[in-house]
Engineer: 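Let me give you the structure first, and then I'll get to my questions.
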There are 2 protein chains.
Amino acid sequence: MATILDVAKLSGLSKTTVSRVINNHPYVSDKKRELVLKAMKELGYTPNPSARRLRGQLTTTIGVIVPRIVNPFFASLVNSIELAAYKKGHQVLICQSYEDKEKELAFLNLLKTKQVDGVIMTSIENDWEVIESYNEYGCILLCNDYVNQTVVPMVRLDQAKGAYLGAKHLIDRGHQKIAYCTGGLFDEQGKGKDRNQGFQKALKEAGIKINPKWIFIDQHTIEDGKQVIKQILEMEDRPTAIFTGSDEIAGGIIIEAKEQGITIPNDFAIIGFDDQPIAEIVDPKLTTIRQPVDQMGNKSIEVMIKMLENPALDIKNYELPIELIVRQST
Amino acid sequence: MATILDVAKLSGLSKTTVSRVINNHPYVSDKKRELVLKAMKELGYTPNPSARRLRGQLTTTIGVIVPRIVNPFFASLVNSIELAAYKKGHQVLICQSYEDKEKELAFLNLLKTKQVDGVIMTSIENDWEVIESYNEYGCILLCNDYVNQTVVPMVRLDQAKGAYLGAKHLIDRGHQKIAYCTGGLFDEQGKGKDRNQGFQKALKEAGIKINPKWIFIDQHTIEDGKQVIKQILEMEDRPTAIFTGSDEIAGGIIIEAKEQGITIPNDFAIIGFDDQPIAEIVDPKLTTIRQPVDQMGNKSIEVMIKMLENPALDIKNYELPIELIVRQST
DNA sequence: TTGTAAGCGTTATCAA
DNA sequence: TTGATAACGCTTACAA
């Protein structure tokens, strides 16, 4: 590989001048700039990022932490992040946390060693204090997931509103007995609390009481969805509608329901979350709450790069719109 | 961040000795090793990968090129690669080529600058000669896609056999009029040629002639599948079975067929390729050819790491099993 | 406007 | 068995 010295020699100039050209510094005469550019081209020269990194420069690499890439929601989020990053000349290092604290920390360690300029976290596993302690080593940006403090920029959706819209839609369709499936808990605090609040708000407004037997926590996959509907079918007192935290659970419910001879939306109305491709694949097609994934990816990269260029940037909260998509399952 | 010098100072030894401990070199007394280890722990020391890279060491980063991460097949391939790499202490840098030659090359350039130790290519866009020219800068491994020369290790499936099994299955079910959808071309050469061959072999053995009107090339998405079935329905002379190059196309066909009041498998038998999650989501569930994605990912990392440790490694071709999964669509 | 030289954190070479 | 030192490729004071 050609080095900066090779370029310097070929152009008959010093390393410094070459470096100045590479970094667009002022005080280089047009003539010499030409010379350098020509030599660079001739040698097919690319600056060595490791050396730049070592010297304390930017790495042009951004890390992204997702729970799992096979989850289509996160796949499309990574997709939009990668595309946006590439346009800006950055690479994307991905890490699947698999919801594991240790994996998450191992990845955040890349900040310490300047392997990545910054990390976009799409989910948070460790306590925020722990994660925050890495913030001194590089930029952290929260995308999708978030915390209550405003210590790092966040790109997020109004999940409470999304859940509210979904629940309200079911109520407007005449449902009073509504089950709730979440990937998190059904707490005031903790994972998924915003959606819980939105859901509860809608029910409260309609004067509906929540039946704790119809709350299913820690549900994630298609398989989980199948189990949920099985459990519901065994109940004496059944709900008439099911609100779910993801299209995958909703999809599982629809698939298994059909297997059991249940008609949707007649026997049960189902609503998903995310608007993943599966929403249009299942039959009946899924009513769901759309998360503007592409916008989230673009915004995250935009903000991240701004942060990198100007570390003193104001820390802001970017909220993106969320909307209800009505299809056939409700 | 603590550096090797800090560790040296704290342990009262030299950088060299510390380095020896880090790299498990011989000739370090147990006592001093202890000392170093203790100091490392106390300082929370992590070696700086940029410095190691610059010094010509391994980067513990492996690049993976996929056409697009939102394609579930590639998402699960990346998933298994990432998991296997993590176990071995490696990071994974992903690049979506979006089937773009330039993007592919931009990424291969990371090899030149020692940003990644090696690249796993799951698809090939540029001419092989072009790609091969990067092989001198680092390890290249082909996974899923392949070329005819054996210049780099390849982890692949017997696609011809897969296609043969699928076509044979349709024939065994009594079909004589079989359409063919491929993501590539219907050539002797070029993308997807193996599957073409397998398909053709099965038909030939059964004495069936191929109707060129029933060949659909360059089909990829669910949307494409919908278009295919629409076209078929407009034909005078229709096929009775459709062989597709991916579960997504097959899924699209099933979805649209249902919309049009067609019954599957009665009116048409459909067979997919990949055994993606969608295969079990559509109704009727999809008969398909399973590609052992996890095995491919694991094997690729295993071989890649072997190559990195021993660049003189024999270049081999690793072929993994492929099988037919019969469900309801045939 | 240009160049010299020091230094980023490692590891390999050589000498002790 | 240990340590001093040079080198990897780059950027940035500082000097000219």
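Note that this is a predicted model, so its numbers are computed, not measured. Convention: sequence-line order gives letters A, B, ...; per-chain numbering from 1.
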Engineer: Nearest whole angstrom, please: distance from the P of D:dC10 to the CD1 of A:Ile22.
Structural biologist: 6 Å
Engineer: By nearest atom, which of the nucleotides C:dT11, C:dT2, C:dT13 is closest to the B:Asn23 side chain?
Structural biologist: C:dT11
Engineer: Rounding to an integer number of Å, can you tell me how far B:Tyr27 OH sits from C:dT11 P?
Structural biologist: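 Interatomic distance, OH of B:Tyr27 to P of C:dT11: 19 Å.
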Engineer: Counting side-chain heavy atoms from CB outward, which of C:dA12, C:dC8, D:dC8 is closest to B:Leu54?
Structural biologist: D:dC8
Engineer: Please output the side-chain donor-acceptor pairs of residues 311-319 of chain B that fall under 3.5 Å, not counting sequence neighbours, one pair per line with the distance.
Structural biologist:
none

Engineer: What's the NZ-P distance between A:Lys31 and C:dT2, to the nearest Å?
Structural biologist: 9 Å
Engineer: Hey, does the side chain of B:Asn48 come within less than 4.0 Å of C:dC8's phosphate (OP1/OP2), counting only N and O?
Structural biologist: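 Indeed not, no polar side-chain atom of B:Asn48 lies that close.
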Engineer: Can you check the B:Leu5 CG to C:dC8 P distance for me, whole Å?
Structural biologist: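 Going from CG in B:Leu5 over to P in C:dC8 covers 9 Å.
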Engineer: Can you list everything that forms a salt bridge (Lys or Arg N to Asp or Glu O under 4.0 Å) with A:Arg68? Sequence neighbours excluded, please.
Structural biologist: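 A:Arg68 satisfies salt bridge (Lys or Arg N to Asp or Glu O under 4.0 Å) with A:Glu99 only.
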Engineer: Report the distance from atom CG of B:Leu13 to atom C1' of D:dA4, rounded to the nearest whole Å.
Structural biologist: 14 Å
Engineer: With heavy atoms under 4.0 Å as the rule, sort A:Pro47 into base, sugar-phosphate or nothing.
Structural biologist: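 Contact class for A:Pro47: sugar-phosphate only.
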Engineer: Counting only side-chain N and O atoms of B:Tyr45, is one of them less than 4.0 Å from OP1 or OP2 of C:dT10?
Structural biologist: yes
Engineer: Which atom pairs, one a donor and one an acceptor, fall under 3.5 Å between side chains of residues 123-134 of chain B and the rest of the protein, sequence neighbours left out?
Structural biologist:
| from | atom 1 | to | atom 2 | distance (Å) |
| --- | --- | --- | --- | --- |
| B:Asn126 | ND2 | B:Lys101 | O | 3.0 |
| B:Asn126 | ND2 | B:Glu104 | OE1 | 2.8 |
| B:Trp128 | NE1 | B:Glu132 | OE1 | 3.2 |
| B:Ser133 | OG | B:Val130 | O | 2.6 |

Engineer: Are OP1 or OP2 of D:dT2 and a side-chain N or O of B:Ser29 less than 4.0 angstrom apart?
Structural biologist: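 Result: yes.
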Engineer: When the side chains of residues 25-36 of chain B are checked against the rest of the protein, which donor-acceptor pairs come out under 3.5 Å, sequence neighbours left out?
Structural biologist:
| from | atom 1 | to | atom 2 | distance (Å) |
| --- | --- | --- | --- | --- |
| B:Ser29 | OG | B:Lys32 | N | 3.4 |

Engineer: Which nucleotide wins on minimum distance to the side chain of A:Ala51, given the candidates D:dT2, D:dC10, C:dG9?
Structural biologist: D:dC10
Engineer: For A:Lys15, check salt bridge (Lys or Arg N to Asp or Glu O under 4.0 Å) against everything at least two apart and list the hits.
Structural biologist: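 Applying salt bridge (Lys or Arg N to Asp or Glu O under 4.0 Å) to A:Lys15 gives none.
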Engineer: Please pick, from C:dA12, D:dT2, C:dT2, the nucleotide with the shortest atom-to-atom distance to any side-chain atom of B:His25.
Structural biologist: C:dA12
Engineer: Go through the N and O atoms of the side chain of B:Arg53 and the base of C:dG9, and report whether any donor-acceptor pair is under 3.5 Å.
Structural biologist: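 No, no donor-acceptor pair under 3.5 Å.
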Engineer: Would you say the side-chain atoms of A:Ser19 and A:Thr16 include a donor-acceptor pair closer than 3.5 Å?
Structural biologist: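 No - no donor-acceptor pair under 3.5 Å links their side chains.
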Engineer: Using only side-chain N and O atoms of A:Ser19, determine if any of them is under 4.0 Å from OP1 or OP2 of D:dC10.
Structural biologist: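 No.
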Engineer: For the pair made of CG in B:Asp6 and C1' in C:dG9, what is the distance, rounded to whole Å?
Structural biologist: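 After rounding, the gap between these two atoms is 10 Å.
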Engineer: Quick one: which of C:dT2, D:dC10, D:dG3 gets closest to the side chain of B:Ser14?
Structural biologist: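 The answer is D:dG3, which lies nearest to the side chain.
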Engineer: Output the rounded distance in Å from CG (B:Leu43) to P (C:dG9).
Structural biologist: 13 Å
Engineer: Rounded to whole angstroms, how far apart are CG on B:Asn24 and C1' on D:dT1?
Structural biologist: 16 Å
Engineer: Heavy atoms from C-beta onward define the side chain here; which of D:dG3, C:dT2, C:dT11 lies closest to that of A:Val28?
Structural biologist: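 Given the options D:dG3, C:dT2, C:dT11, the side chain of A:Val28 is closest to C:dT2.
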Engineer: Restricting both atoms to N or O, compile the protein contacts to nucleotides 5-7 of chain C shorter than 3.5 Å, with distance only.
Structural biologist:
| from | atom 1 | to | atom 2 | distance (Å) |
| --- | --- | --- | --- | --- |
| C:dG7 | N2 | A:Arg55 | NE | 3.4 |
| C:dG7 | N2 | A:Arg55 | NH1 | 2.7 |

Engineer: Between A:Lys87 and A:Glu302, does any side-chain N to carboxylate O distance fall below 4.0 Å?
Structural biologist: no
Engineer: Would you say the side chains of B:Asn23 and B:Arg52 form a donor-acceptor pair under 3.5 Å?
Structural biologist: yes
